[in-house]
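No hydrogens, no waters, no symmetry mates; every other heavy atom, side chains included, goes into these values. Residue numbers count from 1 along this sequence. One-based numbering, in listed order, for ligands and for the atoms of each. If you're wondering where the values come from, they're calculated on a predicted model, not measured in any experiment.
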Amino acid sequence: MFSPALFLFDLSSEGRLLLLTGDAPSLPPLGAEDKYSDYISLSGRVVRGDGESDVWARLAPGADAPEGLSPVDRRSVPELLGQDIYIRSGIAYQVMNLTLRNKFCGVCGAEMRDHDRDRARECSRCGNTVYPTLSPAIIVAVERDGMLLMGHNATVPDGRYSVIAGFVEPGETLEQAVEREVYEETRVRVRNIRYFASQSWPFPSSMMLGFRADWESGDPQPDGVEMTDVKWVAPDDLPQLPPSVSIARKLIEDWLRRVKEADAPPPTTLRPII
Ligand SMILES: [Zn+2]
């Protein structure tokens with residue numbers, strides 16, 4: 001059964017979620033937005049198809065977190081509070097951004113309001129309607145003889161490597177985006193691109209489209225800007241991996257499983273008992 005929740009975000013660029021600290025972290029109870037009104041600049045509802053709704057709220061500029069609440073990276077929410085709350089916190093975050101960025105109409109300057117039916121904002125004067133932004137991005141496991149192409153991005157912690165990813169550009173197919181991103185970031189050419197899975201990635205508003213591909217030519221070379229290192233990784237020499245919630249991690253685990261299965265000795269043939 002659905003139980004409405006309050007998602008309170010701080011002002012950091014990725015919107016950390018404020019949780020009650022205690023033995024086990026938890027969401028502040030619904031209604032607490034009134035108690036925290038001095039700390040909150042804006043709040044709203046996340047209406048669902050069944051008419052129920054969660055509530056989002058955002059800390060006021062300059063306000064510290066209310067006592068008893070601490071910010072956490074939303075990537076850790078699946079482990080702390082489960083997958084359902086993680087997904088709902090991501091939706092709440094994106095609905096909050098839609099509201100924050102569309103208080104006034106970009107066409108005529110009048111105030112905007114929530115759309116009657118859709119998850120959107122609508123101009124009260126000219127009818128201009130704005131939907132949440134989703135930015136498609138590809139992410140790809142490139143494989144060669146049981147090895148995986150991985151890179152260290154300049155923005156992630158030292159020692160952490162992941163598979164190759166990047167935003168789709170206007171005019172591109174997803175396959176072209178895979179070819180271009182892999183080549184730009186590693187100087188490797190790929191072939192045999194096939195779909196793996198997709199994942200909403202609300203940091204802040206990506207739609208990750210996962211693929212697998214095979215090496216065709218080229219030795220990995222980092223671009224030196226986005227990627228500071230790129231290399232082939234063997235299953236027994238793994239670097240630090242991205243968080244388990246990510247599709248990057250799922251692509252890596254899928255590759256690992258297949259490589260290990262291929263390495264496993266064939267099942268023993270049982271001799272018939274005579
Ligand atoms: Zn307007």
Participant: Answer yes or no for R48 and F2: cation-pi contact, defined as NZ/CZ to six-membered ring centre under 6.0 Å and angle to ring axis within 45°.
Facilitator: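 Yes - R48 lies over the ring of F2, closer than 6.0 Å to its centre and within 45° of its axis.
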
Participant: May I ask you to check if R75 and F203 form a cation-pi contact, with NZ or CZ under 6.0 angstrom from the six-membered ring centre and within 45° of the axis?
Facilitator: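 Ring-cation test returns yes.
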
Participant: Cation-pi check for Y183 against R189: NZ or CZ below 6.0 Å from the six-membered ring centre and within 45 degrees of the axis, yes or no?
Facilitator: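 Checked: cation-pi criterion met.
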
Participant: Under a 4.5 Å cut-off applied to non-hydrogen side-chain atoms, are M112 and V130 in contact?
Facilitator: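 The answer is yes, as the side chains (C-beta and beyond) meet within the 4.5 Å cut-off.
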
Participant: Give a yes/no verdict on a cation-pi contact between R74 and Y93, requiring under 6.0 Å between NZ or CZ and the six-membered ring centre and an angle within 45° of the axis.
Facilitator: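 Cation-pi check for R74 and Y93: passes.
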
Participant: Quick check: does any side chain N or O of D73 sit under 3.5 Å from a backbone N or O of S76, one acting as donor and the other as acceptor?
Facilitator: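 Checking the backbone N and O of S76 against the side chain of D73, no donor-acceptor pair under 3.5 Å is found.
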
Participant: May I ask you to determine how many protein N/O/S atoms are under 2.8 Å from the Zn ion (ligand 1)?
Facilitator: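 With waters ignored, the protein N/O/S count below 2.8 Å is 4.
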
